[in-house]
Structure formats: structure tokens, C-alpha cells
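A quick write-up on the structure given underneath.
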There are 2 protein chains.
Amino acid sequence: MTESKGVLRKAALLDAAEEVLVTKGNANAAMRDFAAAAGVRIGHLQHYFPTRSDLIRAVLERTLERSLRRLEEAAGFDLRAGASGTLTRSDSHRLLEALLLEHSDLADVRMHLEIWALAASDELAASALRSFYSQYSGHVQGVVRRGRPDLTEPEISDVAATVVSLFEGAAVTRSDIAGLRTEQGDQAIIRTAQWLIHGQEPAQCP
Amino acid sequence: MTESKGVLRKAALLDAAEEVLVTKGNANAAMRDFAAAAGVRIGHLQHYFPTRSDLIRAVLERTLERSLRRLEEAAGFDLRAGASGTLTRSDSHRLLEALLLEHSDLADVRMHLEIWALAASDELAASALRSFYSQYSGHVQGVVRRGRPDLTEPEISDVAATVVSLFEGAAVTRSDIAGLRTEQGDQAIIRTAQWLIHGQEPAQCP
DNA sequence: GCAATTTTAGGTCAAATGACCTAGAATCAA
DNA sequence: TTGATTCTAGGTCATTTGACCTAAAATTGC
């Protein structure tokens, strides 16, 4: 079923809004900027998104949804709580590299920063963000459960939250904004996440 | 030497500006909001900070400087590259707990989010932030150097960057904004940081 | 084909905004 | 004491802003 002009237009407006948020930041982005980026006039934009906060909220929801979906795709296996299976170190390495790559997308990093800052002062945004992180860390728990089947559910939850913290922090610090990225540093992050996911490597005994 | 009225006023204006940034966010904070929070009129505020970006920049510099100083104080030892010494697990535990506590201050977390978001679209802010992280991770290197004297300098740098990533990410995810905090989760973060700082715990051999 | 609905263009408005200004009071330094 | 400097209050201005509106064009569905 071909999508209606309205649905396509809405998506184009959201694309344009994202681009403006990424380049000018939320603090400097006006409705006329969003409209111009989409090649329409403000009245038209406001037909689809009557208020500024309608637009920003829609961008936020779309961005968070995309991040969740990407994690599911990167995993390539069922992340739900009931699912069973194991995870080899090479598979977790592959997954973590994909995750780190996703956290390197400069536009995505900036979108996330804007969302965090928005959520810091807008309770509706914060609520959406908490829901997102609950789901996101739930997915990461699905990963940890396969690497550490010996852990209790609360322990799995804590490990997953730590992995999420590490990757969210790395997205910022490894970006051009903070400038702490090195090639070997990426490997250190993956090694750390693997330590969390799999536990200690086999002991070397004399 | 008693500080002049101007110096005291400036500090009070910066305090007020911080509070407004934390509660309203940069995107919704006007010069008149800042002035009102400080109990003065906008003209007076503009005497001390002629443009909005002068004010925001000053807040940014002060916040980053404070974070650096706090890390120095929490360490309680010389973090410079040439300094030598060791670091026990109990001392690193104490330091990491202090660091995590500092990363739990909701106003501070919000200030940092606003600074990150600002730096994402303002190159001057980004430059200041890069300088800050360079120094901050330099300090953390001073910690890692004591825990892992066997590492090369590039390795120390990568480990330090990973510790910084973990703590910056944790500040966000453990805040009310993201809602992923648990008591045991805090211990998982500290354990992870200790693993990074000290390396693997002694092997248990039969 | 035609009425209803959706899409599009363009305009207007009051309020808010950052920037700039004047002038008087307070403080400082010689 | 006096002039210079700093501090403080309050005002003004042009521009920008989000929100709201009208009307025409395009599309849809019966």
C-alpha cells in the first residue's frame, strides 16, 4: 500500500527537523528554520505539527525508536527475557563493534545529546527517555543473559545497565565534541564490555 | 583581600544563570530569566555579560573548571604525569565512590548535558570541552598509572578514556532523566572501573 | 463528476527576544 | 574633596518567534 502524500510529507519534515536540530541545536532552531530546511513555509509545517513541541516530540520518538530497532538488528538474535541461547566471544565482539559503530554516527550522537538536554527540563521527554532506556537495557540484558547464564536477574540487570552507561558515555567522549577517541581506545571499550558480558577470562594457572 | 562588589555580583549572576539553565534548559532560558533569577534587570546583567553567549560561555568555563578541581580533590594525591606512587584497591574504591557521588548531583548532570548539547553546535564550546576532557582524562591517567604501572602510556591513556566514558555515561543513565539507577548497579560500575584501573584480580588456582 | 477532505501557500498578530542606550548612585583613588 | 570608575536601574528598538488564520489547489472516495 503506497503511503499517502501526507505520510511522506510528514517523514520529510521530520528528516529536515533532525538535520536542523543536529546542525543548529535545539536552542537555536526555530520553526521557520525547520520549514526552510524542508522547503516549505512555516504555515505548512504547522499544519502537520501545530506546535513546536509537537514537532520536537515526534523527532524524539522517532530517534529513540530507531536506536532500539538498531540494537535488535545488530544482535541478530532474540533479545527477549524468555529466550535462551549462548553467546560466543566472537559473536559478542561482532555485536559490540556494531554497537560502537552506531554510537559513532555524529548526527546520531548529537541527536541523543539534544534529547538528553531536552529531557533534563521537559518531563514528558524525560518520561519517554526513561521508557526507552528501560527497553534498551532490557535488550542488553538479553545479551548478558547469554554470556553469563550463571547470574541472577538483578545481577544481569546491573551488568546491562553498566554496559549501556559505558556505550552512552563513549558516544560522547569519542565524538568530535569531546575528542577522546583513539583506535586502541575503541578496543579497550569492547574489551571492557566483553568483561562485563562474559565475566572474567579463564585463569592462567601455572 | 575582600572581593569587589563587581566580582561578587558576577559570581551571583553566574549562580543564578546556572540555576536557570538547570531548570529551564538552555533552549528556554532568556536573558530576562537569568536577570530575574539574580534579582536584577536585564540591563544590569548585560553590563556584566554584554551578550547571551558571553554569559553562557562563562557558566560553561566555571562548570568545567569545578569538575576538574573536584577530581583533584577526590583523588587526594598528585595526578600529574611525573608523579609516582601506588594505589590500593581500597583507596581506588574510595575515590571511585566519591566520583560516582559527584556524578549523581542532578544539577551538575543537567549542567553537563546542556554543555554537551551546546558544544554539539557551537565550535567555541566544543573546543573548551575538548580541552576539559583532555585534562580530565589526564588526571584519570594519573590514577590508572598508580594502579597499572605495567602499562605503556598509550595503554594508560586508553584505559583512562574508558573510565571517563563509563562515568560520563553513568551520570546520564543513573539520573532521574534516564532512570537506570540501582544501588547494586552503582557497585557494578565501581567494580568495572576497578577492573580497568587495577586489571584482573588475582587468579584463583586449584 | 462532485463533494469532502487533505495538502499547500502565504499572511498576520502579539509577545518575546537580544542588543543597545541613558542616567544616577555608589565606590574608589589621588 | 573631587574626578574617575564601577555599579545599578530602567528604558527603547528592531527583529524574531510561535501560534493562528484564510484561501486555493490537489487528492480522495462515493
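Hydrogens, waters and symmetry mates play no part in the numbers below; they use all other heavy atoms, side chains included.
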Query raised in the report: Counting N and O atoms only, with roles assigned by atom type, does the side chain of B:T23 sit under 3.5 Å from a partner on the main chain of B:E19, one being a donor and the other an acceptor?
Result: yes
Query raised in the report: Can you find a side chain N or O atom of B:K5 that sits less than 4.0 Å from OP1 or OP2 on C:dC28?
Result: no
Query raised in the report: If you look at every strand shown and take non-hydrogen atoms under 4.0 Å, does A:R9 touch a base, only sugar-phosphate, or nothing?
Result: sugar-phosphate
Requested in this report: Taking A:D54 for its side chain and A:T51 for its backbone only, find out whether a donor-acceptor pair lies under 3.5 Å.
Outcome: yes
Query - Heavy-atom check, side chain of A:S92 versus side chain of A:H198, under 4.5 Å - result: yes
Report task. Under the salt bridge (Lys or Arg N to Asp or Glu O under 4.0 Å) rule, what do B:D91 and B:R146 come out as? Steps first, then yes or no, please. Result -> CA-CA 11 Å; B:D91 277 344; B:R146 289 164 182 260; over 6 Å; no
Query - Side chain to side chain, A:I189 and A:H103, heavy atoms closer than 4.5 Å - result: no
Query raised in the report: Taking atom P of C:dG18 as reference, at what distance in whole Å does atom CZ of B:R41 sit?
Result: 16 Å
Query raised in the report: Taking any atom under 4.0 angstrom from a heavy atom of chain A, which nucleotides of DNA chain D are the first and last to qualify, 5' to 3'?
Result: D:dT17 to D:dT27
Report task. Work out how much the helix from C:dG1-D:dC30 to C:dA30-D:dT1 bends between its end axes, five pairs an end, to the nearest 10 degrees. Result -> 30°
Query raised in the report: Roughly how many Å is it from CG in B:N28 to P in C:dA16, rounded to a whole number?
Result: 13 Å
Requested in this report: Say whether A:T182 and B:D158, considering side chains only, have a donor N or O and an acceptor N or O under 3.5 Å apart.
Outcome: yes
Requested in this report: State whether A:F34 and A:K24 meet the cation-pi test: NZ (Lys) or CZ (Arg) under 6.0 Å from the six-membered ring centroid, and within 45° of the perpendicular axis.
Outcome: no
Report task. Calculate the interatomic distance between A:H47 atom NE2 and C:dT5 atom P; express it in whole Å. Result -> 13 Å
Query raised in the report: What nucleic acid atoms does B:G43 come within less than 4.0 Å of, heavy atoms only: base, sugar-phosphate, or nothing?
Result: base
Requested in this report: Specify the separation, in whole Å, of atom CG of B:L45 and atom P of C:dT17.
Outcome: 14 Å
Report summary line: Rounded to whole Å, CE of B:M31 lies from C1' of C:dA19 at a distance of 9 Å
Report summary line: DNA chain D nearest-nucleotide lookup for A:D33 and A:H44: closer to the 5′ end is A:D33
Query raised in the report: For B:E123 and B:R130, what are the C-alpha separation, side-chain angles and deciding distance, and is it a salt bridge (Lys or Arg N to Asp or Glu O under 4.0 Å)?
Result: CA-CA 10 Å; B:E123 185 49 40; B:R130 282 191 291 268; 2.4 Å; yes
Query raised in the report: Quick check: does any side chain N or O of B:H93 sit under 3.5 Å from a backbone N or O of B:R89, one acting as donor and the other as acceptor?
Result: no
Report summary line: Ranking A:Y48 and A:I42 by the position along DNA chain C of their nearest nucleotide, the one closer to 5' is A:Y48
